Trainee: 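Pasting in a structure now, in structure tokens, and then I'll have a few things to ask.
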Amino acid sequence: MYDASTAVDGNIATCMRTLDIGRTSPQKTVWWKVDLGGVYTINSINIQFRAYNGYEDRQRGRLAGFSLYMSNSSVSTNTDIKSAAMCYKDGPHLPAINFTTTCIKEGRYVIFYNERLNEVTYPKGYEISNDFTELCEVIVKGRNTTCIYGSNCDIPCPVSCKDNVCQEQNGSCYDCKPGWLGSFCNTTCGTGWYGVNCSQPCVGHCRDGITCNHVTGLCDRGCDAGWTGYMCNKECNRGTFGYDCVNTCHCLNISSCDKRTGTCDGGCTPGYINNNCSTNCPYKYFGMNCTERCSGHCINNKTCDHVSGECSDGCLDGYIGIFCNETCIDGYYGPDCSKKCQSNCRTCRHTDGMCTCGAGWIGPKCNTECVWSFGEDCQYPCNRHCLNQTCDRFNGSCLYGFSDEYMFCELDTDDIQMANTPLLVGISVSILVNVIVISVKLLRQRKTSSKQKHRMCIIKTCWTTDSEQTNTRYDDPYQELEERKKENLYQNLTLQ
């Protein structure tokens, strides 16, 4: 007997009834809706609430605060309902048992909604517990939107009529939508005005001097340079400029920044140039007036920060510091100078650790020993007279003595180069002294034998006895030496 349909059955004696809402009830909201079967232009809604003799105020208190909504689509939740178009909201005064309101809206569904929330304080007279909703009859008056006005009901109302409602006889508007004037609402507001009855002045600074929208008062093309805000009536904050104030000032004295153009009368802060100081320093430059040059050692050859000159992402191998302008200390190289040079390096390149090697070593990292050579970077070959051509890789001295061929009397340019080392110089001086002493003794001994030719060779020094004439043609000494090469010359040179 309390079914929802009894509120639209045309019988005022039958009423629908809901569960109670209120602070002592589990339900806090209640709603009822009716489907009109199509979209209509609504004019009014009449609701007949249930009356109890002697309890009229209680019934009015139960209904107080209700809302009426119109919707073109069905609703099933409180969220859906509150997103629909509201056409009535009951205020602090208690409603009449027989209630009627004007509701000029378009829609298919009419929704009755009420609530009693614990956190809300309601006006005096509102029932807040055991609050039942009882609707006996709901009468909605309106007309189909396809029938507007005219003798055949086939002429639509002017689009600028409020709620698209007009007189059925001549189509004149009851009221105009905001931004329009006249009986048929076909005249726009004058320059600088907008809104309902064109009663509100434009206050915004619209772009290019265009007046505001005659309906909303907004600037359709946006705000003029130097202005921002919903209505384009707020000046740019300190430090910003341009259209919608989206640009940041970089003036040396920020208060001198023109809010329209950004022009800086007192110059730019470090890292920026041009009249409005909106251009970053060119590539690899930074600082005041962009006169300072980046170190050029930022990682991946990136430019430095155009303001501070710092390399924010780090340095190339071999460089450190916030500006990447410091090289590694001696003995270190690589990323952040974290790698240590090989101990055999004489010098170590700070970028990749490539070495110039100390005596006895060779290779990119100076970790390969010299073979048949000696000295820094193994640049000198061992003397070819060293046995097996093997010498000390540090000073070049023969490790295993001399080969037999070293007794030949011939001048070797390699030996001259060897003489440049201190060790060989000492050896040469020693040999020379011995040769002189031995030569004197031999000359004395050889004088006893007239016209006897002898050629002797020791440690690369050759001579003949003085009994020979300077123009005498000597035999080839190499032939004799070749025959004697197996003999111990040091033994033959011993004085008798």
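Keep in mind that this is a model prediction, so the values were computed, not measured. Numbers here are sequence positions counted from 1.
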Trainee: Under 4.5 Å between any side-chain heavy atoms of T327 and Y319, yes or no?
Mentor: yes
Trainee: Can you classify the ring geometry of Y113 versus Y69 as parallel (below 30°), tilted (30 to 60°) or perpendicular (above 60°)?
Mentor: perpendicular
Trainee: Please examine the side chains of E310 and F323, heavy atoms only from C-beta on, and report whether any two atoms are closer than 4.5 Å.
Mentor: yes
Trainee: Extract all donor-acceptor atom pairs below 3.5 Å that involve side chains of residues 217-228 and protein atoms in other chains or at least two apart in sequence.
Mentor:
{"unit_1": "D220", "atom_1": "OD1", "unit_2": "N213", "atom_2": "ND2", "d": "3.3"}
{"unit_1": "D220", "atom_1": "OD2", "unit_2": "N213", "atom_2": "ND2", "d": "3.0"}
{"unit_1": "R221", "atom_1": "NH2", "unit_2": "D208", "atom_2": "OD2", "d": "3.2"}

Trainee: Would you say S199 and N197 are linked by a side-chain donor-acceptor pair, where the criterion is simply a distance under 3.5 Å?
Mentor: no
Trainee: Between C166 and C157, does a disulfide (SG to SG under 2.5 Å) hold up when you go through it step by step?
Mentor: CA-CA 6 Å; C166 62; C157 293; 1.9 Å; yes
Trainee: So that I can confirm a possible disulfide, could you see if the SG-SG distance for C257 and C249 falls below 2.5 Å?
Mentor: yes
Trainee: Check C87 against C103 for me: are their SG atoms closer than 2.5 Å?
Mentor: yes
Trainee: Looking at CD1 of I21 and OG of S129, how far apart are the two atoms once the value is rounded to the nearest 0.5 Å?
Mentor: 10.5 Å
Trainee: Scan the side chains in residues 330-340 for donor-acceptor partners under 3.5 Å anywhere in the protein, sequence neighbours excluded, and list what turns up.
Mentor:
{"unit_1": "S338", "atom_1": "OG", "unit_2": "P335", "atom_2": "O", "d": "2.7"}

Trainee: Once you measure the plane-to-plane angle for F112 and F66, does it fall in the parallel (<30°), tilted (30-60°) or perpendicular (>60°) bin?
Mentor: parallel
Trainee: Has the side chain of N274 got a donor or acceptor atom that lies under 3.5 Å from a matching backbone atom of N276?
Mentor: no
Trainee: With a cut-off of 3.5 Å and sequence neighbours excluded, list every side-chain donor-acceptor pair involving residues 28-37.
Mentor:
{"unit_1": "K28", "atom_1": "NZ", "unit_2": "G22", "atom_2": "O", "d": "2.8"}
{"unit_1": "K28", "atom_1": "NZ", "unit_2": "S25", "atom_2": "O", "d": "3.1"}
{"unit_1": "K28", "atom_1": "NZ", "unit_2": "N118", "atom_2": "OD1", "d": "3.1"}
{"unit_1": "T29", "atom_1": "OG1", "unit_2": "N78", "atom_2": "ND2", "d": "3.1"}
{"unit_1": "W32", "atom_1": "NE1", "unit_2": "A4", "atom_2": "O", "d": "3.1"}
{"unit_1": "K33", "atom_1": "NZ", "unit_2": "S74", "atom_2": "OG", "d": "2.6"}
{"unit_1": "K33", "atom_1": "NZ", "unit_2": "V75", "atom_2": "O", "d": "2.7"}
{"unit_1": "D35", "atom_1": "OD1", "unit_2": "G37", "atom_2": "N", "d": "2.8"}
{"unit_1": "D35", "atom_1": "OD1", "unit_2": "R108", "atom_2": "NE", "d": "2.7"}
{"unit_1": "D35", "atom_1": "OD2", "unit_2": "R108", "atom_2": "NH2", "d": "3.3"}

Trainee: Under the 6.0 Å and 45° cation-pi test, does R116 pair with Y122?
Mentor: yes
Trainee: Taking the side chain as every heavy atom from C-beta outward, state whether V110 and I45 have any atom pair closer than 4.5 Å.
Mentor: yes
Trainee: Measuring only between side-chain heavy atoms, which start at C-beta, is F402 closer than 4.5 Å to L387?
Mentor: no
Trainee: Is the SG of C176 found under 2.5 Å away from the SG of C161?
Mentor: no
Trainee: Would you kindly say whether the two SG atoms, from C264 and from C251, are closer than 2.5 Å?
Mentor: yes
Trainee: With side chains defined as the heavy atoms from C-beta onward, is the minimum distance between K162 and V196 less than 4.5 Å?
Mentor: no
Trainee: In the structure I gave you, are the side-chain heavy atoms of V215 and W180 within less than 4.5 Å of one another anywhere?
Mentor: yes
Trainee: Determine, stepwise, if the pair C345 / C357 fulfils disulfide (SG to SG under 2.5 Å).
Mentor: CA-CA 5 Å; C345 295; C357 303; over 6 Å; no
Trainee: Can you tell me how far the CG atom of L117 sits from the CD1 atom of I128, to the nearest 0.5 Å?
Mentor: 12.0 Å
Trainee: For K259, is there an ion pair with E235 - N to carboxylate O distance below 4.0 angstrom?
Mentor: no
Trainee: Would you indicate whether C311 and C298 have their SG atoms under 2.5 Å apart?
Mentor: yes
Trainee: Looking at C382, C386, C398, which hits disulfide bond (SG atoms under 2.5 Å apart) with C391?
Mentor: C382
Trainee: Any heavy-atom pair between the side chains of T351 and L316 that's under 4.5 Å?
Mentor: no
Trainee: Is there a disulfide between C304 and C324 in this structure (defined here as SG atoms under 2.5 Å apart)?
Mentor: no
Trainee: Between N237 and T240, do the side chains contain an N or O donor and an N or O acceptor separated by less than 3.5 Å?
Mentor: no
Trainee: Going by heavy atoms in the side chains, are Y285 and T303 under 4.5 Å from each other?
Mentor: no
Trainee: Go through the side-chain N and O atoms of N253 and S256 and say whether any donor and acceptor fall under 3.5 Å apart.
Mentor: no
